[in-house]
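Report on the structure given below.
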Amino acid sequence: MAGKRVVIFGGNPAGVAAAVKHAEAGMQVTLVEPSPSLGGDLLPQTRIIDGTFSFLEPNLEALRKHPNIHVITNAEIVRTQSVDGRYRFRIRRSTPRVDAEKCNDCKECIRVCPIHMYDDFNESIGFRTAIDFFNPETAKAGEYNIFKEDMPICQATCPANLNIRSYAGLIADGKYAESLAVIRERLPFALSIGRVCPHPCETACNRGYVDEPIAICALKRFVADFEMNHSIEPPVEAPDQFHPERVAIIGAGPAGLSCGYFLAKAGYHSVVFEAMPEPGGMFRYGIPEYRLPTETLMHEINWILAHGVELRCDTRIGEDVSFEDLQRDYAAVFIGVGAWTGMNLRIPGEELEGVIDGVRFLRDVNMGKKIDMEGRVIIIGGGNVAMDAARVSWREGFEEVHVVYRRTRREMPASPWEIDAAEDEGVKFQFLVAPIEVVGENGRMTGLKCLRMELGEPDASGRRRPVPIEGSEFVIEAENLIAAIGQRPDLKFVPEESDLAITRWNTFEVDQETFVTNVPGVFSAGDVETGPDIAIRACANGRKAAVGIVRHIEAKRREAA
């Protein structure tokens with residue numbers, strides 16, 4: 001047995017004892033502990049109190065002095081491989097926030113640290129700061145670190161649960177590549193999300209209670225831009241060999257490509273079927289060029305495809321390939337087609353020429369189609385699609401651009417900076433106004449009849465309900481109207497005999513942990529599952545679906561064995 005290498009997970013009493021035992025037998029031992037110190041669970045179980053002094057089990061001291069034992073703290077196992085009875089482990093270690101070589105044990109950091117929490121290293125019978133040595137017996141070993149066991153509020157608020165604290169800290173240290181690697185552990189679209197995300201993490205940031213939130217989204221964009229602008233080749237981390245099973249992905253948008261990326265990292269090839277001429281989904285055809293340049297988006301998509309994701313554009317399910325064929329030929333099917341159908345206004349006259357929905361308008365502009373609209377335009381809605389449509393309308397040369405919204409500016413769901421930008425560009429806002437009829441002559445729109453509103457009691461969304469003011473009708477003259485009041489998925493490609501459960505919002509019902517639908521082997525995420533939502537949630541749920549797909553395939557493989 002002498003000379004063999006052993007890996008032990010966990011620095012608790014059993015792990016420490018096992019490490020010493022194997023080391024004394026002549027083996028080379030690596031002890032991996034996820035916390036900053038070996039004193040975590042060891043202290044409360046082995047401490048002997050003698051009035052003023054505590055003694056630790058001697059195994060800990062023996063472990064530290066033994067030349068055959070290598071201890072790695074702040075670490076976790078991320079991948080294991082077994083070949084011919086030998087094991088290989090990939091270990092990820094969190095970046096230590098304290099330079100042990102420069103630390104002189106002055107404890108000044110502890111005195112000034114503003115974060116106090118129950119001391120989870122001492123049975124929570126006292127308090128500790130976020131920076132600490134955790135174990136009085138190991139302070140001399142320089143094991144100070146910043147360690148907060150609970151997930152910070154910014155990370156919990158982020159739909160992808162990005163490790164914001166780590167990647168922001170790495171940026172502060174000038175470690176841009178390492179920071180980007182942390183982001184890509186859960187999000188492949190750092191370039192794109194860094195440009196378009198409404199960053200709910202910043203709204204929740206505790207720093208906002210002191211002065212202002214940390215610019216979390218801008219930091220993400222910074223490291224991604226640094227890599228791209230300095231022509232640094234992003235690393236492609238795909239396995240040398242892939243499993244034989246393949247996965248069909250319908251839709252090359254944020255959810256579908258994120259799913260394909262994480263499937264590839266897990267060793268599974270996927271084929272992405274996209275109905276549009278280019279990949280990207282709503283990234284490509286729903287977000288204006290000035291917010292997310294196509295060249296930037298394609299830079300990121302090409303990197304994702306390099307992991308072993310096959311792309312087939314101009315391929316419609318139900319026309320070029322049947323849904324049944326995908327179910328038969330692939331180990332699993334993922335549906336991430338987005339929400340491409342604009343909602344109707346349901347008012348008289350909306351069939352007149354000059355009326356178009358916001359999703360179609362933005363798609364046509366992004367495809368480079370000539371917009372057969374001129375003169376004045378009215379945008380109905382208060383979300384980000386409405387703001388995008390309004391700002392694009394200026395760029396398309398409309399004489400006047402009006403935004404009509406039935407509540408006040410305060411209730412608008414659009415990002416405040418997008419509203420400010422639209423206003424600065426000359427968009428005219430009319431609040432507490434609701435459309436009641438599109439008026440026109442000879443089949444062409446000439447104006448929009450509206451009704452003034454006032455706010456009543458809050459509705460189910462928590463916003464005050466708009467109430468019509470009787471006799472307040474008026475007309476806004478315009479030749480064009482863009483309705484941006486909502487959107488929903490188009491599920492015509494799904495055959496009725498598929499038995500897939502569809503909600504009244506025309507979305508798929510899925511298990512929120514695995515994202516499998518009611519039909520085994522069929523998964524879904526993104527706007528086709530949530531309804532219209534922010535892009536980072538589609539990316540996050542695409543990753544979760546990939547995990548569910550891997551579990552599904554592996555379970556089928558075990559059943560067949």
Side-chain angles (χ1 to χ4, degrees), residues 78-79 92 155 158-164 166-167 170 176-197 199 201 216-217 219-228 232-239 242 247 249-272 274 278-284 286-287 292-311 334 336 338 515 523 525-527 533-550:
V78 295
R79 182 180 297 176
R92 177 173 56 214
Q155 183 174 351
C158 171
N161 297 135
L162 296 182
N163 193 343
I164 296 166
S166 288
Y167 81 69
L170 288 166
Y176 301 154
E178 292 89 340
S179 174
L180 195 50
V182 169
I183 295 169
R184 285 171 172 161
E185 288 173 3
R186 303 181 72 87
L187 176 71
F189 283 104
L191 277 170
S192 303
I193 293 297
R195 284 166 165 76
V196 306
C197 189
H199 43 72
C201 53
I216 298 169
C217 188
L219 288 172
K220 185 190 304 99
R221 174 175 173 174
F222 166 73
V223 287
D225 280 0
F226 183 89
E227 179 187 75
M228 179 179 67
I232 301 172
E233 284 296 323
V236 176
E237 296 181 350
F242 283 79
V247 178
I249 296 176
I250 306 175
L257 290 174
S258 294
C259 182
Y261 169 79
F262 287 104
L263 283 172
K265 294 195 73 173
Y268 291 90
H269 278 300
S270 60
V271 180
V272 184
E274 171 57 48
E278 295 181 11
M282 283 296 173
F283 271 154
R284 173 66 178 85
I287 297 177
L292 179 55
T294 302
E295 184 179 357
T296 300
L297 174 63
M298 290 307 302
H299 178 86
E300 200 151 51
I301 290 176
N302 288 332
W303 169 74
I304 292 173
L305 298 179
H307 285 78
V309 180
E310 181 182 342
L311 176 66
F334 173 84
F515 287 83
F523 298 75
D527 288 356
D533 207 336
I534 58 179
I536 193 171
R537 195 177 309 279
C539 297
N541 292 350
R543 180 188 65 82
K544 294 174 184 176
V547 174
I549 291 170
V550 170

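Just so it is clear, the structure is predicted and the values come from calculations on it, not from any experiment.
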Are any side-chain N or O atoms of [X] and backbone N or O atoms of [Y], one a donor and one an acceptor, separated by less than 3.5 Å?
{"X": "N161", "Y": "Q155", "value": "yes"}
{"X": "E178", "Y": "L170", "value": "no"}
{"X": "R195", "Y": "L292", "value": "no"}

query = Would you call R184 and E237 a salt bridge, taking side-chain N to carboxylate O under 4.0 Å as the test?
reply = no

remark   = Scanning both residues in full, the closest heavy-atom pair of I536 with P159 reads CG2-CG, 3.6 Å

Do [X] and [Y] have side-chain heavy atoms sitting under 4.5 Å apart?
{"X": "D225", "Y": "L191", "value": "yes"}
{"X": "E227", "Y": "P235", "value": "yes"}
{"X": "R186", "Y": "R543", "value": "yes"}
{"X": "E185", "Y": "N163", "value": "no"}
{"X": "K220", "Y": "L187", "value": "yes"}
{"X": "L263", "Y": "F242", "value": "no"}
{"X": "F189", "Y": "L257", "value": "yes"}
{"X": "R284", "Y": "T294", "value": "yes"}

request  = Would you please classify the geometry between the W303 ring and the H307 ring as parallel, tilted or perpendicular, with 30° and 60° separating the classes?
outcome  = perpendicular

